[in-house]
Structures are given as C-alpha cells and as structure tokens.
Amino acid sequence: MSSKYYGSRGSGAPSWYLQRVTGVVLFVVAIGHYILMHYHIDSGHTYDAVLARMQNPLYKMLQITFVVIGLYHGLSGTWNVFRDYKMPGWLSWTILGLLYTAGVAFAGLGIATILSF
Amino acid sequence: MQVTFRIQKYNPETDTTPYYKEFVVDGVDETWRVLDVLEKIKGSMDGTLTYRRSCAHGVCGSDGMRINGRNRLACSILLKDLNYRNVVTLEPLPSMPVIKDLVVDLSDFYKKYELVKPYLITKTNPPEAERLQSNEDAEKLFESAKCILCACCSTSCPSLWTNENYLGPAALLKAYRFTFDTRDEAPEERLDIVDTQDGIWRCHTIFNCIEACPKEINITWHISQLKKALVNREI
Ligand code: SF4
Ligand code: SF4
Ligand code: FES
C-alpha cells in the first residue's frame, strides 16, 4: 500500500480527544477567571490583592493547571494547523521541535512565576 | 431564450495555461439542464469542448464540475436553479490535475477510495442462504450508500486542498459504510486505515463537503461516527 497517504502512524484519537477536553476545561476556567478577576466582590488588580490570593495553595494549583492546559491546547492546536499542510519530513520535525521547546520553556517560566509568590 | 456560458478550456497539448471561452447559446429554456447546454455547445459550436458524462440522470457521478463556483453535477442542475440571466461559469473540479477542459484526473480520488477497502470483508464461512442484516442495521447504511463517487465533496474540502495526502470525505464516507455494516468482519482493519494523521484527523468539520454533495449526504456526521468509534477504541 502506498505510503503516500499515511502520515505518522499511531492513533490520532487521543490528541483529538484531549484537544476537545482541554478546550472545554479552558472555557470553564476562563469564565471562572473573568468572574474572579473582574466581577467578584473580592476582585482586585493591585499587587497586594494578587499576592493575597496567591497565598492559597489551591489557587496556585489552579493557576498551574491553567498554564499547562492552556499551553497544551494552544501548541497542539498550532501543530494541528501546520499538519494541514503537506511538508517535507525535516520541516515538520523542526516545527514540532520548536513547539515542544516553546511549550517546555513557557511552562517552566509560568510555573516558576506562580511558585515565586 | 439565450444564455451565456463561460467555460474554462485547457488542452495540455496546445495551451500553456487554462483560459476562458464564452459561448452565447440560443434556443434554450430555463428548464434545460447545464448538461443540455453543454451538449448543444459541443454539438454545434465547439466540437473540441471536453467533459465527462454518462447516465445524464445523476446516477453515474461522471459530470461533477464547478458551476458558478460550486461543485455540482451538470446533469442535475437546471438553468432556472442558477442565476442564468448573468453569465454562467463552468470550471473543472478544483484541486485535481486537469486532463482537458472540464475533465480532471481522478486517479488519486479512486486510489484513496481503494485504500479504505470499500467492500465487505468476511472471515467466517458463509451461511447456507445469505448473511442477514436487520432492517434497523441496514437503515444505518442507507444514507452513506447513496454515494455515486462524483468527487464533488473531496474536491471541495479545504483540508484536501492544502494536504493532498488527506483521505478526503468520499473515502471516509465509504469507510463508514463498510465499518458499520454488521455483516462486515474487519471493521478494526478499516479503522486502522483511517486512523492516521493524514487520515480522518485532517477533517476539521468545515462542512464544505455537505454543501457540495449532490445526493445531500450528511458526510460530516458519518465521519464523526468514525471519529467516535476511534476515540472509544483508543481511550
Ligand atoms: S467536513 Fe471534513 S471532509 Fe468535509 S469538507 Fe470539512 S474537513 Fe473536509
Ligand atoms: S459523498 Fe456525495 S459528493 Fe461525495 S462522492 Fe459521494 S455523492 Fe459525490
Ligand atoms: S452524467 Fe451521470 S451523474 Fe451526471
């Protein structure tokens, strides 16, 4: 059978499913974020207000989850857009490598920032 | 009544690029089909005009072409369904190599069709009479079985325009038709075939295929059933 019609083997189902699940989670978390940040009685944008909120470990956990899920969803979506184009192997590996690097770097930066509070 | 057809012409033996030629056709009626007008042009105005057609009744799937920017069957569209008082533009199906005028090379389309094993695979010995199927199970296949392989859907799919390796809606619809046939004994084999990055996962539910299908098949729904089966299998 021609290899022409076969992109990488290995099921695409888990990443397709995860993309949808993370999309729903992000939607819900983003609404929560807006309510908390802008419409809640305790909303506050001052450094002190943020610092006070960040003392709660649960809130920190939520922020870390937000960063990780957001990065996964965004970068996996970007990869999906690239995959719509037919590319030579070296180019797709390069793009994938860059996306992974960006993911690890931004996750590290985000988590370090959250933990520094 | 008179109608003006603007047709994309291209003869690879003499032309370097495709061009448009206008034909003003007299003595037509708004109940004429696009195919009737083409026959009149070929018969009395330009014998070199090349297009495919066979049944002329929406059954064989030969005369898919781009009519006023939409993929349709020339034999199933009446002039009155078009804005025929303006110029009617005919072009070959997009994204396929043009062989001549309105005829495109569908080898790739058929190759992908073949890849999904569009036939019943059985491994057990046949019963005395026939392999039975309930009415309810047969009904699940009726819509997908209406496909006439005209390629209007696959050539309208943006995912296929950007990635020629993508299997495309027609092949995936065919995969559904046999994977969900209760008499088939190799659904896993077929699911394996569509479950690749250039297989089913390049479908982003853009719905162009549904708009193009002359048989009004809800192709995207059928593709989503395959996706569901794969998610259930893998997760
Ligand atoms: S629904 Fe899927 S197959 Fe149909 S046009 Fe869109 S991407 Fe292509
Ligand atoms: S699904 Fe519809 S548009 Fe696609 S090949 Fe079959 S009949 Fe043609
Ligand atoms: S000529 Fe057969 S479908 Fe149009």
Side-chain angles (χ1 to χ4, degrees), chain A residues 1-30 65-66 68-104 107, chain B residues 95 97 107-118 154 157-172 174-175 179 186-206 208 220 223-235:
Chain A
M1 218 175 272
S2 158
S3 64
K4 184 180 168 204
Y5 304 106
Y6 285 93
S8 55
R9 298 295 332 213
S11 176
S15 62
W16 182 87
Y17 188 66
L18 257 185
Q19 188 69 356
R20 267 117 204 108
V21 171
T22 51
V24 172
V25 172
L26 281 173
F27 185 69
V28 174
V29 175
T65 317
F66 201 11
V68 172
I69 291 183
L71 275 171
Y72 174 84
H73 187 83
L75 293 172
S76 140
T78 310
W79 173 235
N80 224 353
V81 172
F82 280 112
R83 283 294 288 111
D84 280 346
Y85 296 88
K86 202 182 132 211
M87 286 181 283
W90 67 266
L91 185 58
S92 61
W93 281 112
T94 309
I95 293 171
L96 192 61
L98 286 173
L99 291 174
Y100 264 111
T101 313
V104 172
Chain B
S95 79
S107 315
D108 191 72
F109 176 77
Y110 291 124
K111 179 79 205 164
K112 288 168 180 170
Y113 169 63
E114 246 181 84
L115 273 176
V116 299
K117 306 197 177 191
S154 290
C157 173
S159 281
L160 203 119
W161 294 341
T162 49
N163 182 347
E164 63 177 19
N165 288 353
Y166 171 41
L167 278 175
L172 290 170
K174 217 37 101 169
T179 304
E188 296 298 323
E189 223 175 279
R190 225 175 271 105
L191 284 177
D192 282 345
I193 293 169
V194 301
D195 187 12
T196 69
Q197 287 304 322
D198 286 336
I200 196 163
W201 307 110
R202 297 271 62 76
C203 169
H204 301 308
T205 37
I206 304 165
N208 267 20
T220 316
I223 297 178
S224 73
Q225 297 309 301
L226 283 171
K227 285 180 182 166
K228 265 192 206 162
L230 283 164
V231 168
N232 288 338
R233 186 177 81 160
E234 302 295 330
I235 293 174

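Bear in mind the structure is a predicted one, so any value in this text is a computation, not a measurement. In what follows, every chain begins at residue 1, and chains take the letters A, B, ... in the order their sequences are listed.
- Nearest heavy atoms, B:Lys117 versus B:Arg190: O-NE, 3.0 Å.
- B:Ile206 has its side chain within reach of B:Ser159: a pair of non-hydrogen atoms, C-beta onward, lies under 4.5 Å apart.
- In this structure B:Asn208 satisfies the side-chain hydrogen bond (donor to acceptor under 3.5 Å, both in side chains) test with no other residue, sequence neighbours excluded.
- Scanning residues 12-21 of chain A against chain B with a 4.5 Å heavy-atom cutoff picks out A:Gly12, A:Ala13, A:Pro14, A:Trp16, A:Tyr17, ordered by number.
- Nearest heavy atom pair, residue B:Tyr113 against residue B:Val116, reads O-CG2, 3.2 Å.
- Ranked by heavy-atom pairs under 4.5 Å with chain A, the first of B:Leu160, B:Leu230, B:Asn163 is B:Asn163.
- Remark: B:Glu234 pairs with no residue by the salt bridge (charged side-chain N to carboxylate O under 4.0 Å, His left out) rule, at least two apart or across chains.
- By the side-chain hydrogen bond (donor to acceptor under 3.5 Å, both in side chains) test, B:Glu188 pairs with B:Arg233, sequence neighbours left out.
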